[in-house]
Visitor: 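My questions all concern the structure below.
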Amino acid sequence: MSAPAQTVAYCHCRDCRRWTGGPVAAFAAFDRTALTATPPLPAPASHSAGVERWNCTACGSPLAAQFDYLPTQVYVPLGILDQIDAAAPQLHCHAESAPRWLHIADDLPRQTGSARDTLSDAAE
């Protein structure tokens with residue numbers, strides 16, 4: 001990456017939980033032009049309308065996601081970033097979908113749904 005993350009967020013939606021295999025996912029959003037992958041990303045998969053996801057062809061790990069309503073951003077799971085300490089989450093998306101037993105004690109904003117306006121504003 002050639003630029004810092006535009007925003008970092010937890011996502012509690014069912015799709016992201018299933019894709020990452022955890023009870024909550026966390027992603028850093030980068031400007032699409034700031035990211036390069038070596039080797040290049042494989043062809044994306046799309047299991048949900050308007051969402052493309054890339055996985056490692058060797059191990060299956062989640063690598064990146066892009067959403068049609070946020071076309072200039074690419075979302076990278078925090079767990080694969082070497083700079084994870086510099087990427088603290090700033091909000092919770094789809095907070096209403098969090099498992100009832102999951103309690104993350106922070107004062108971050110919790111938004112229902114995708115928080116697309118907040119995430120889109122971060123790209124500007």
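Computation of the quantities below employed the complete heavy-atom set of this structure, encompassing side-chain atoms and omitting hydrogens, waters and symmetry-equivalent molecules. Starting from 1, each residue takes its place in the sequence as its number.
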Visitor: Could you check whether any side-chain heavy atom of R17 comes within less than 4.5 Å of a side-chain heavy atom of V24, counting everything from C-beta outward?
Guide: no
Visitor: Return yes if a side-chain donor-acceptor contact under 3.5 Å exists between T112 and E96, otherwise no.
Guide: no
Visitor: Where do A95 and H12 come nearest, in terms of heavy atoms and distance?
Guide: CA-CD2, 4.0 Å
Visitor: Identify the two heavy atoms, one from P23 and one from L102, that lie closest to each other, and give their separation to 0.1 Å.
Guide: O-CD2, 4.0 Å
Visitor: Going by the rule ring-ring contact (aromatic ring centres under 6.0 Å, His included), which residues pair with H94 if we only count those two or more places apart in sequence or in a different chain?
Guide: none
Visitor: List the steps and the verdict of side chain to side chain contact (heavy atoms under 4.5 Å, CB included) for S114 and Y69.
Guide: CA-CA 10 Å; S114 68; Y69 57 88; 3.4 Å; yes
Visitor: Could you pull out the closest heavy-atom pair between P77 and A64, with the gap in Å?
Guide: CD-N, 4.2 Å
Visitor: Calculate, to the nearest 0.5 Å, the distance between atoms CZ and CG belonging to F27 and L78 respectively.
Guide: 8.5 Å
Visitor: Find the distance between CG (L108) and CD (Q90) and round it off to the nearest 0.5 Å.
Guide: 8.5 Å
Visitor: Please report the closest heavy-atom contact between A5 and A28, naming both atoms and the distance.
Guide: CB-CB, 4.0 Å
Visitor: Which pairs with one or both residues in residues 58-68 pass side-chain hydrogen bond (donor to acceptor under 3.5 Å, both in side chains), sequence neighbours excluded?
Guide: R32-Q66
Visitor: Test of understanding: clusters of I, L, V, M, F, W, Y form through side-chain heavy atoms closer than 4.5 Å, transitively. Do L81 and Y10 belong to the same one?
Guide: no
Visitor: Name each donor-acceptor pair under 3.5 Å that joins a side chain in residues 50-59 to protein atoms two or more places apart or in another chain, with its distance.
Guide:
from: W54; atom 1: NE1; to: P42; atom 2: O; distance (Å): 3.0
from: N55; atom 1: OD1; to: W19; atom 2: NE1; distance (Å): 3.1
from: N55; atom 1: ND2; to: G60; atom 2: O; distance (Å): 2.9

Visitor: For residues I84 and L63: do they belong to one hydrophobic cluster (side chain heavy atoms under 4.5 Å, members Ile, Leu, Val, Met, Phe, Trp, Tyr)?
Guide: yes
Visitor: List the atom of D106, the atom of H92, and the distance in Å for their closest heavy-atom pair.
Guide: OD2-NE2, 3.0 Å
Visitor: Could you see if L91 belongs to whatever hydrophobic cluster contains Y75? Use Ile, Leu, Val, Met, Phe, Trp, Tyr and a side-chain cutoff under 4.5 Å.
Guide: yes
Visitor: Between H47 and D15, is any pair of side-chain heavy atoms under 4.5 Å apart?
Guide: no
